[in-house]
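Note that the coordinates shown come from a computational prediction; the quantities given were computed from them, not determined experimentally.
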Amino acid sequence: MAGRATRDRLGLRGHAGRSAHLARLLHKDCIQLLELYRKSESLTSSPVAENYLVSIPPLTPQLSDADKISILHAALLECQRLLDDAITRLDEEFTEVDGEYKKQRTTVSDRLGHLLASTKRLLGDGKRFEAEVKEVMDGRGSFGLKMWFLRVLQDLVHWTGQISNTLNSLPVEMEKATRTMSQSTRRGSKKIRK
C-alpha cells in the first residue's frame, strides 16, 4: 500500500514537472506570437489595456496548490475559447495570413490544448473554478477585431506566465515533501532497530 502511494506521488511530481515544462514553452510561444502579430500589423508594443479580458479570484498564499492550478486552468480555458473565436473571426475577415505568424498561431493553439489536458490531469477530481470574461469583441470593424485579438494574445501571455510560475514551484515543493517523508521514514526505522 505504501509503495502505491509513493508511486502515485512520484507520478504526480513527474507529471507536474512535465506540465511546468509545457507551460514554459507555451509562455515563450505566446510571447513570440504576440511579437509576430504586432510586427505584421504594425501595432504598438505597449499594452492595449490595463485590465485583462479574463479575470479570476486572486491567487492568495492561503490557497492550496490544487486550487491555484484549478483557478489558472479556468483562466486558460477561457483564453482558449477567446483565441479560437478570434482566429475564426480573423480568418473570415482577412484571407492573407503570414506563414510564420500562422504557424506560430497553430503551435500556440495546439500547446494550449495540451497544457489544459495536462493541468486537468493534475487536478484529478478537485474543485473547479470558473473564470470570468470581462469584455467581448464588439462590432468595431476590422481595426476593432485586430485590437481585440491583440488583447486576447496579451491575456495568453499573462495567464501562461502565471501558470508557468505556479507549476514551476510545484515540483520543488513536492520534492521537499518527498525528502521530508523519506527522512522521517528513515528516522522511524532507525528507532525501531534500536
Side-chain angles (χ1 to χ4, degrees), residues 8-41 43 45-49 52-56 59 63-88 90-91 97-124 126 128-131 133 146 148-178:
D8 290 346
R9 225 180 11 261
L10 293 174
L12 182 59
R13 184 177 66 222
H15 185 73
R18 288 187 298 276
S19 297
H21 177 70
L22 181 57
R24 281 191 307 273
L25 282 175
L26 177 59
H27 182 64
K28 288 178 184 175
D29 287 338
C30 289
I31 291 170
Q32 185 178 5
L33 177 60
L34 179 60
E35 292 308 313
L36 285 170
Y37 183 70
R38 283 181 174 150
K39 184 179 176 183
S40 72
E41 297 298 329
L43 297 170
S45 61
S46 59
V48 177
Y52 296 101
L53 295 173
V54 176
S55 65
I56 59 171
L59 297 177
L63 289 171
S64 69
D65 289 335
D67 285 345
K68 289 176 188 174
I69 293 170
S70 181
I71 290 169
L72 290 167
H73 177 84
L76 288 177
L77 202 55
E78 282 304 314
C79 284
Q80 182 185 43
R81 189 184 63 73
L82 288 171
L83 180 66
D84 290 346
D85 187 34
I87 288 172
T88 300
L90 283 170
D91 286 350
V97 179
D98 178 30
E100 185 181 1
Y101 157 71
K102 188 169 185 173
K103 182 181 174 188
Q104 188 65 19
R105 196 175 72 174
T106 302
T107 298
V108 165
S109 185
D110 291 346
R111 280 206 176 126
L112 179 57
H114 292 303
L115 181 60
L116 284 166
S118 184
T119 54
K120 186 176 182 180
R121 182 173 168 215
L122 284 173
L123 296 174
R128 299 286 195 271
F129 291 89
E130 289 188 22
V133 179
K146 288 179 180 184
W148 179 61
F149 188 62
L150 182 63
R151 290 195 65 196
V152 169
L153 292 178
Q154 288 174 339
D155 266 39
L156 267 170
V157 167
H158 174 75
W159 295 119
T160 57
Q162 292 290 312
I163 198 154
S164 177
N165 292 339
T166 300
L167 290 173
N168 280 317
S169 70
L170 288 182
V172 172
E173 290 176 13
M174 291 178 140
E175 183 70 37
K176 287 178 188 173
T178 304

Worksheet item: Side chains of Ser164 and Asn168: donor-acceptor distance under 3.5 Å anywhere?
Response: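 Yes.
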
Item to complete: With sequence neighbours left out, write down each residue that passes salt bridge (charged side-chain N to carboxylate O under 4.0 Å, His left out) with Glu100, or none if nothing qualifies.
Response: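 By the salt bridge (charged side-chain N to carboxylate O under 4.0 Å, His left out) rule, Glu100 matches no residue at all.
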
For [X] and [Y], work out which heavy atoms get closest and say how close.
X      : Y      : answer
Thr160 : His27  : OG1-ND1, 3.0 Å
Cys79  : Leu112 : C-CD2, 4.4 Å
Ile56  : Trp159 : CD1-CZ3, 3.3 Å
Leu167 : Leu122 : CD2-CD1, 3.7 Å
Leu83  : Val108 : CD2-CG1, 4.2 Å
Ile163 : Ala23  : CG2-CB, 4.1 Å

Roughly how far, to the nearest 0.5 Å, is the [atom2] atom of [Y] from the [atom1] atom of [X]?
X      : Y      : atom1 : atom2 : answer
Ile69  : Arg121 : CD1   : CZ    : 12.5 Å
Leu153 : Ile31  : CG    : CD1   : 11.5 Å
Ile71  : Leu76  : CD1   : CG    : 12.5 Å
Thr107 : Leu25  : OG1   : CG    : 10.5 Å
Cys30  : Gln154 : SG    : CD    : 12.0 Å
Leu156 : Leu53  : CG    : CG    : 10.0 Å

Discussion item. Under the rule for side-chain hydrogen bond (donor to acceptor under 3.5 Å, both in side chains), what residues qualify as partners of Ser118, not counting sequence neighbours?
Written reply: His15, Ser19

Worksheet entry | All pairs passing salt bridge (charged side-chain N to carboxylate O under 4.0 Å, His left out) where residues 22-37 contributes a residue, at least two apart |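 Passing the test, one end in residues 22-37: Asp29-Arg111, Glu35-Arg38.
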
Discussion item. Quick one: does any side-chain atom of Ser70 pair with a main-chain N or O of Ala66 as donor and acceptor, under 3.5 Å?
Written reply: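 It does not hold such a pair.
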
Worksheet entry | Side-chain (Ser109) to main-chain (Arg105) donor-acceptor, under 3.5 angstrom | no

Practice prompt. For the residue pair Leu150 and Leu34, establish whether any side-chain heavy-atom pair is separated by less than 4.5 Å.
Written response: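 Yes, their side chains come closer than 4.5 Å.
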
Practice prompt. For His158, check ring pair (Phe, Tyr, Trp, His ring centres under 6.0 Å) against everything at least two apart and list the hits.
Written response: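 If we apply the ring pair (Phe, Tyr, Trp, His ring centres under 6.0 Å) test to His158, skipping adjacent residues, the hits are Tyr52.
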
Discussion item. If the condition is ring pair (Phe, Tyr, Trp, His ring centres under 6.0 Å), which residues does Tyr37 pass it with, not counting sequence neighbours?
Written reply: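 Counting only residues at least two positions away or on another chain, Tyr37 forms a ring pair (Phe, Tyr, Trp, His ring centres under 6.0 Å) with Tyr101, Phe149.
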
Item to complete: Would you list the pairs meeting side-chain hydrogen bond (donor to acceptor under 3.5 Å, both in side chains) in which at least one residue belongs to residues 71-80, sequence neighbours left out?
Response: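 Sorted result for residues 71-80: His73-Thr119, Glu78-Arg81.
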
